[in-house]
Asks: 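Pasting a structure below so you can have a look.
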Amino acid sequence: MTNRVRFAPSPTGYLHIGAARTALFNWLFARKTGGKFLLRIEDTDLQRSTDESTRSIIEGLEWLELDYDEDLVFQSANAPKHRAAAERLLAEGKAYRDFTPKEQRSDTSVKEDISERARAQQAEGVDQRSNPFRNLSKEESDARAAAGEPFAVRLKVPESGQTRFDDIVYGPQERSYSEIEDLVLLRSDSHPLYNLSVVIDDIEMGITHVIRGQDHLTNTHKQVLIYEALGAPVPRLAHLPLILAPNKGKLSKRKHGEVVSLTTYRDRGFVPAAFRNFLALLGWAPPEGKEILSKEELIEYFSLEGIGRANAIFNFTENDPRRWTDDKALWVNSEYIRTMPIEELLPMVKAELRANKLWREEYDDDDREWFAKTVDLIRQRYFTLKDFSGQGRAYFSDDFDFDETAVNKNLRKEPRLRELLKGLADKLETVEPFNTETAEAALRAYAEETGVKAGLLINGSRTMLTGQSVGPSMFEIFDVLGKEASVERLRSGIPWS
RNA sequence: GUCCCGUUCGUCUAGCGGCCUAGGACACCGCCCUUUCACGGCGGCGACACGGGUUCGAUUCCCGUACGGGACGCCA
């Protein structure tokens with residue numbers, strides 16, 4: 001039997017990195033075992049679901065290159081099936097009508113309300129299954145329903161016994177029936193609820209392995225109960241440890257902002273493969289300890305058994321521009337930028353330059369070679385794609401800023417440099433051909449002639465040509481910028497004013 | 001409140017009774033390389049939450065405590 005797994009997000013916001021990791025693990029498992037990876041949008045909460053969110057989820061998966069098989073499923077489209085299943089359980093006596101009027105809950109304080117209620121019931125010793133309508137006679141129930149009285153449909157959780165399942169990650173799980181309340185299957189407006197919908201859809205889609213966040217672990221018992229009532233086999237279950245904020249709390253948009261949104265990583269210059277690689281390392285460790293893994297290697301090494309049980313902390317520092325996200329994520333990204341095949345990097349740099357109006361069509365044409373060479377030269381010290389338009393601006397435009405610190409350190413500190421560099425410009429102007437070697441020879445000869453250290457001219461030139469104090473070898477910069485631009489920039493008065 | 005889950009360097013983790021003087025990666029620090037900054041190389045700092053068992057021997061197994069997380073809805 002081929003494995004079938006699904007990623008089933010609810011479209012109530014951007015794609016959270018925790019959800020993205022769940023998607024990744026499902027996808028890896030499917031690709032590893034030759035199974036199918038399906039996508040289901042759980043849009044049954046029409047109040048909060050948006051098309052925009054659905055689009056962002058699909059875009060996010062595309063960005064991470066997690067392709068899904070078969071048609072996208074919208075859970076809302078299956079509502080009639082969910083309802084029919086509930087009717088069936090009702091008819092079979094495995095569920096019952098609850099005529100208790102619906103309680104109103106303010107959406108903001110639900111969590112507190114729920115635990116409050118649970119606490120109170122606990123203290124009073126109320127049984128979870130003591131609903132007064134649980135044992136209402138069929139006749140009376142039918143009569144009241146026929147009379148138009150509103151009712152919710154609840155699953156009749158058996159009197160005594162327990163549910164059990166073997167979680168692939170967390171091991172054997174047991175829960176006594178007495179701890180599970182008669183859960184609502186159908187709302188009084190006949191709207192099917194989550195636990196019912198997931199089970200029906202998973203059955204319908206032939207899901208063999210449910211891989212999802214650990215926050216669903218205890219609720220899984222309820223779903224097992226539904227599978228059993230329906231007489232359907234329970235799929236294999238694997239729950240994933242959660243990704244927490246640095247304070248060990250929940251990672252949420254409200255509290256932590258854009259750092260938890262997948263699109264942020266795309267917008268801030270992450271290479272998709274790099275972020276995917278990083279995500280895979282959160283809660284899972286490859287054998288051999290090799291951490292930079294291609295898509296193929298990830299698939300080859302992945303296994304559900306290799307997933308850890310402890311929650312992982314996503315380590316970032318709020319309000320620190322350099323540490324805006326996890327250090328290791330940044331490192332993985334720089335590793336990719338630095339070592340990935342240049343042909344794969346070029347289109348990404350192109351998009352980045354284009355977005356910043358630094359792109360020229362010649363880079364794709366006559367200057368293709370120059371462009372590749374330049375990108376290859378500067379990528380060594382970059383962390384994100386953004387750096388190509390930021391720190392790298394001087395390589396693609398004559399309009400760039402001078403870093404104050406660099407100007408003070410490499411130029412103003414030695415006032416003679418203003419004239420010395422003009423002299424160097426005159427000298428370089430005569431160099432033919434102009435390349436790394438000849439530029440170096442000319443500069444060193446000029447240093448000798450004028451009796452100054454080559455380093456003084458090198459550092460001064462770097463700042464004149466790039467506005468910075470750091471960067472590639474000066475002679476490589478001369479070569480890449482060419483004689484004309486190099487000479488012109490050396491003669492510039494801008495940094496001196 | 002009840003139930004469930006977890007706890008190895010600051011962070012991600014390896015470890016599935018002796019190979020552990022607890023390994024790797026990121027971060028941090030130092031040295032080398034380099035007339036810049038990175039990369040790279042070498043080295044340093046740095047952890048088995050605590051207490052009981054079991055065992056010839058516990059990071060590894062069991063129990064308890066502490067701490068953290070999750071769940072408990074006519075949300076998903």
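Just so it is clear: chains get the letters A, B, ... in the order the sequence lines come, proteins before strands, and each one is counted from 1.
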Asks: Just how far, in rounded Å, is P of U13(B) from CG of L279(A)?
Replies: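 Distance, rounded to whole Å: 12 Å.
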
Asks: Consider the side chain of A310(A), meaning its heavy atoms from C-beta on, and name the nucleotide among G6(B), A76(B), G1(B) that approaches it most closely.
Replies: G6(B)

Asks: Identify whether any heavy atom of Q173(A) sits under 4.0 Å from a base atom; if not, whether one sits that close to sugar-phosphate; answer base, sugar-phosphate or nothing.
Replies: sugar-phosphate

Asks: Just call it for K111(A): base, sugar-phosphate, or nothing, with non-hydrogen atoms closer than 4.0 Å on any strand.
Replies: base

Asks: Nucleotide by nucleotide, 5' to 3', does protein get under 4.0 Å of the base (B), only the sugar-phosphate (S), or neither (-) in nucleotides 23-39 of chain B, counting heavy atoms?
Replies: -BBSSS------BBBBS

Asks: Is U34(B) paired to anything, Watson-Crick or G-U wobble with both distances less than 3.5 Å, and if yes, which nucleotide?
Replies: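 None - no nucleotide pairs with U34(B), as no candidate has both distances under 3.5 Å.
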
Asks: Report which part of the nucleic acid G213(A) touches: base, sugar-phosphate, or nothing (heavy-atom distance under 4.0 Å, all strands).
Replies: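 Counting heavy atoms under 4.0 Å across all strands, no contact is made by G213(A).
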
Asks: Under 3.5 Å for both donor-acceptor distances, Watson-Crick or wobble: does G68(B) have a partner, and if so which one?
Replies: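 Checking every strand shown, G68(B) finds its partner in C5(B), with both distances under 3.5 Å.
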
Asks: Verify whether one side chain among Y96(A) and N135(A) offers a donor that lies under 3.5 Å from an acceptor in the other.
Replies: no

Asks: Considering only heavy atoms from C-beta outward, does the side chain of I307(A) approach that of I168(A) to under 4.5 Å?
Replies: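 Contact flag for I307(A)/I168(A) side chains = no.
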
Asks: With a 3.5 Å cut-off and no angle check, do the side chains of Y301(A) and E288(A) form a donor-acceptor pair?
Replies: no

Asks: How is S334(A) classified with respect to the nucleic acid when contacts are heavy atoms under 4.0 Å: base, sugar-phosphate, or nothing?
Replies: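 Nothing: the residue S334(A), judged by heavy atoms under 4.0 Å, touches no strand.
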
Asks: Check F278(A), Y14(A), W324(A), F316(A) against Y265(A) for a ring-ring contact (aromatic ring centres under 6.0 Å, His included) and give me the one that passes.
Replies: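 With Y265(A) as partner, ring-ring contact (aromatic ring centres under 6.0 Å, His included) holds for just one option, W324(A).
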
Asks: Classify A312(A) by what it touches in the nucleic acid, base, sugar-phosphate, or nothing, heavy-atom distance under 4.0 Å.
Replies: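 Sugar-phosphate only.
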
Asks: Suppose the criterion is side chain to side chain donor-acceptor pair (under 3.5 Å): which pairs have a residue in residues 237-249 of chain A, not counting sequence neighbours?
Replies: D167(A)-H239(A), R212(A)-H239(A), T220(A)-H239(A)

Asks: For C26(B), what is the paired nucleotide under Watson-Crick or G-U wobble rules, both distances under 3.5 Å?
Replies: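 Its partner is G10(B) (Watson-Crick or G-U wobble, both distances under 3.5 Å).
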
Asks: Counting only heavy atoms and a strict 4.0 angstrom limit, can you tell me which residues of residues 193-201 of chain A come near RNA chain B?
Replies: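 Within residues 193-201 of chain A, the residues near RNA chain B are L193(A), Y194(A).
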
Asks: Mind checking Q121(A) for me? I need base, sugar-phosphate or nothing, with any heavy atom below 4.0 Å counting as a touch.
Replies: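 It contacts nothing in the nucleic acid.
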
Asks: Can you sort out the partners of D43(A) under side-chain contact (heavy atoms from CB on, under 4.5 Å), two or more places apart, ordered by chain and number?
Replies: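 Applying side-chain contact (heavy atoms from CB on, under 4.5 Å) to D43(A) gives P11(A), I41(A), S49(A), F74(A), Q75(A), S76(A).
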
Asks: Taking atom CZ as the centre, does R418(A) end up with more than 12 heavy-atom neighbours from other residues, nucleotides or ligands that are less than 6.0 angstrom away?
Replies: yes

Asks: Nearest whole angstrom, please: distance from the C1' of U2(B) to the CD of E116(A).
Replies: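 Taking atom C1' of U2(B) as the reference, CD of E116(A) is at 14 Å.
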
Asks: Given S461(A), which partner from the list L420(A), L443(A), I477(A) fulfils the side chain to side chain contact (heavy atoms under 4.5 Å, CB included) test?
Replies: L443(A)

Asks: I'd like to know if R323(A) pairs up with E318(A) as an ion pair, taking the criterion as any Lys NZ or Arg NE/NH1/NH2 lying under 4.0 Å from an Asp or Glu carboxylate oxygen.
Replies: no

Asks: What is the distance, to the nearest angstrom, from the CZ atom on R48(A) to the P atom on G73(B)?
Replies: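 Computing the R48(A):CZ to G73(B):P distance gives 16 Å.
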
Asks: Give the rounded distance in Å between these two atoms: CG of L186(A) and C1' of C75(B).
Replies: 15 Å

Asks: Does P150(A) reach a base, just sugar-phosphate, or nothing at all? Heavy atoms under 4.0 Å.
Replies: nothing

Asks: For A274(A), give me all partners under side-chain contact (heavy atoms from CB on, under 4.5 Å), at least two apart in sequence or on another chain.
Replies: V271(A), V332(A), N333(A), Y336(A)

Asks: For nucleotides 64-69 of chain B, tabulate all protein N/O to nucleotide N/O atom pairs closer than 3.5 Å, reporting atom names and distance.
Replies:
unit_1 : atom_1 : unit_2  : atom_2 : d
G69(B) : O2'    : N311(A) : ND2    : 3.0

Asks: How long is the line joining CD1 of I307(A) and C1' of C16(B), in whole Å?
Replies: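 I307(A) atom CD1 is separated from C16(B) atom C1' by 17 Å.
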
Asks: When you compare the side chain of F7(A) with that of L38(A), does any pair of heavy atoms fall below 4.5 Å?
Replies: no

Asks: Any side-chain N or O of H216(A) below 4.0 angstrom from OP1/OP2 of C72(B)?
Replies: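 For C72(B), neither OP1 nor OP2 has a side-chain N or O of H216(A) closer than 4.0 Å.
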
Asks: Write down the partner of U21(B) under the Watson-Crick or G-U wobble criteria, each distance required to be under 3.5 Å.
Replies: none

Asks: What nucleotide among A76(B), C12(B), A14(B) has an atom nearest to a side-chain atom of A285(A)?
Replies: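 The nucleotide sitting nearest to the side chain is A14(B).
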
Asks: For the residue pair R164(A) and Q162(A), establish whether any side-chain heavy-atom pair is separated by less than 4.5 Å.
Replies: yes

Asks: Respond yes when some side-chain nitrogen or oxygen of R117(A) is under 4.0 Å from OP1 or OP2 of G73(B), and no when none is.
Replies: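 Checking R117(A) against G73(B): at least one side-chain N or O falls below 4.0 Å of OP1 or OP2.
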
Asks: What is the distance, rounded to the nearest whole Å, between atom CZ of R21(A) and atom P of C12(B)?
Replies: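 For the pair R21(A) CZ and C12(B) P, the rounded distance is 12 Å.
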
Asks: Side chains of N315(A) and D326(A): any donor to acceptor distance under 3.5 Å?
Replies: no

